[in-house]
Amino acid sequence: MRNVIFCFFYMGLTSFVTAQQNQVVENVPFSIRPEFTLELGLPVFHGNNLLSNDYNLNPSVRMGFQTGIAERFGLGLFFSNNGGEVGETKILGDFFDRVKWQVFGAHVFYAIPISEKLIFEPGLGFALPTMVHFDGEQKFRLNYHNFFHRSRISYVLYQIENRNALRIFVSGDYNLVRGPRININEDDRSYVRKGAFSNFGVGFGYSF
């Protein structure tokens, strides 16, 4: 149910902003600048699966870079890292003292200026998440991949001569996770290999 609500919210927000774009975009001088970002996020896993039930994760730190590629289309790259621990589990046992959820990914987006300082950026992406388990010096990895849609709204706090700008932004994304190469017995494959999560974040960007 939460997934359905999130999808309707995303589509509604996109439709609203697109309608606003038709009214103001012609009067807004705009181009996508290269930008470095730093973001603090909170992943929320959904469903009855290993990722949702068996881990307790801390908020994530996400570093990224994005730039324009054509007209108002842009490309972004990012890396995020969450620390955490294994919670109550019947599959992983009590071998691991901590975990890290690490994600490297890319997305394409379309920039929609709402005003001179406010920009909406819906996009789609692909990522490679890994859950790294630590048992002393030993590491055990579960490798996944995921497709996601992401939205970001940014606001210019400070700008120099229409180029260098400091932005604050909020973002949200919804991710479908799959791990087809994870070796597990047939009874537990669906539980371990499939998952979904949302991520909500706030951060700063510096464009130049």
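One-based numbering along the sequence shown. Predicted, not measured: the structure shown is a model, and the values here were computed from it.
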Problem - Residue from L50, V86, V99, L92 passing side chain to side chain contact (heavy atoms under 4.5 Å, CB included) with M131 - result: V99

Practice task
Quick one: list whatever passes ring pair (Phe, Tyr, Trp, His ring centres under 6.0 Å) with F140, sequence neighbours left out.
Solution key: F96, H133

Fill in the blank from the handout: Contacts of D135 meeting side-chain hydrogen bond (donor to acceptor under 3.5 Å, both in side chains) (sequence neighbours excluded), chain-then-number -> none

Handout entry: Side-chain hydrophobic cluster, 4.5 Å single linkage: members besides F134
Key = V132

Problem - Side chain proximity check, Q66 to P34, heavy atoms < 4.5 angstrom - result: no

Completion exercise
Residues at least two apart in sequence or cross-chain that pass side-chain hydrogen bond (donor to acceptor under 3.5 Å, both in side chains) with S171, listed by chain then number, are E39, R150

Completion exercise
Separation between CG (L77) and CE (M63), nearest 0.5 Å, reads 12.5 Å

Handout entry: Spatial distance of atom CG (N56) from atom CD (E85) [nearest 0.5 Å]
Key = 5.5 Å

Handout entry: Nearest-0.5 Å distance that lies between atom CG in L51 and atom OH in Y191
Key = 9.0 Å

Exercise for the section: Answer whether the closest heavy-atom distance between the side chains of I153 and L118 falls below 4.5 Å. Expected result: yes

Completion exercise
Heavy-atom closest pair (I32 atom, G74 atom, distance to 0.1 Å) is CD1-N, 4.0 Å

Problem - Members sharing F65's hydrophobic cluster (side chains within less than 4.5 Å) - result: F36, Y206, F208

Exercise for the section: State plainly whether one hydrophobic cluster holds both Y110 and F120, where clusters connect Ile, Leu, Val, Met, Phe, Trp and Tyr through side-chain heavy atoms under 4.5 angstrom apart. Expected result: yes

Problem - Check: Y155 and V170 side chains under 4.5 Å, non-hydrogen atoms - result: no

Completion exercise
Scanning both residues in full, the closest heavy-atom pair of F109 with G76 reads CE2-N, 4.3 Å

Exercise for the section: Using side-chain contact (heavy atoms from CB on, under 4.5 Å) as the criterion, list what pairs up with N143, not counting sequence neighbours. Expected result: T130, R141

Exercise for the section: Using only heavy-atom distances, determine whether the side chains of N82 and Y55 contain a donor-acceptor pair under 3.5 Å. Expected result: no

Problem - Single-linkage hydrophobic cluster L157~L38, side-chain heavy atoms < 4.5 angstrom - result: no

Practice task
Give a yes or no on whether the backbone of H46 and the side-chain of N49 come within a donor-acceptor separation of less than 3.5 Å.
Solution key: yes

Problem - Beyond-backbone contact of S207 with R167, side-chain heavy atoms, under 4.5 angstrom - result: yes

Handout entry: Transitive ILVMFWY side-chain link F95 to I182, under 4.5 Å
Key = yes

For residues 100-108, run the donor-acceptor check on the side chains, cut-off 3.5 Å, and write out each pair with its distance to 0.1 Å, sequence neighbours left out.
{"from": "Q102", "atom 1": "NE2", "to": "N81", "atom 2": "OD1", "distance (Å)": "3.2"}

Practice task
Spell out, as yes or no, whether a donor-acceptor pair under 3.5 Å connects the side chain of S80 to the backbone of V61.
Solution key: no

Completion exercise
Under a side-chain separation threshold of 4.5 Å, the hydrophobic residues clustered together with L128 are F126, F147

Problem - Shared hydrophobic cluster, V156 / I168 (ILVMFWY, side-chain heavy atoms < 4.5 Å) - result: no

Practice task
State the CZ-NZ distance between R178 and K194, to the nearest 0.5 angstrom.
Solution key: 5.5 Å

Practice task
Output all residues satisfying side-chain contact (heavy atoms from CB on, under 4.5 Å) with N146, sequence neighbours left out; order by chain, then residue number.
Solution key: A127, P129, F148, N175, V177

Exercise for the section: With sequence neighbours left out, write down each residue that passes side-chain hydrogen bond (donor to acceptor under 3.5 Å, both in side chains) with N48, or none if nothing qualifies. Expected result: N53

Problem - OG1-CG distance between T67 and L75, expressed to the nearest 0.5 angstrom - result: 8.0 Å

Practice task
Using the rule that two of Ile, Leu, Val, Met, Phe, Trp, Tyr join whenever any of their side-chain heavy atoms come within less than 4.5 Å, decide whether F45 and I91 are in one cluster.
Solution key: yes

Exercise for the section: Give, for atom OG of S60 and atom CZ of F200, the distance between the pair rounded to the nearest 0.5 Å. Expected result: 12.0 Å

Problem - Partners meeting side-chain contact (heavy atoms from CB on, under 4.5 Å) with T37 (sequence neighbours left out) - result: E35, R152, F169

Problem - For D188, all residues meeting side-chain hydrogen bond (donor to acceptor under 3.5 Å, both in side chains), sequence neighbours excluded - result: N185

Exercise for the section: Return the minimal non-hydrogen interatomic distance between Q159 and A165, and the atom names on each side. Expected result: CG-CB, 3.9 Å

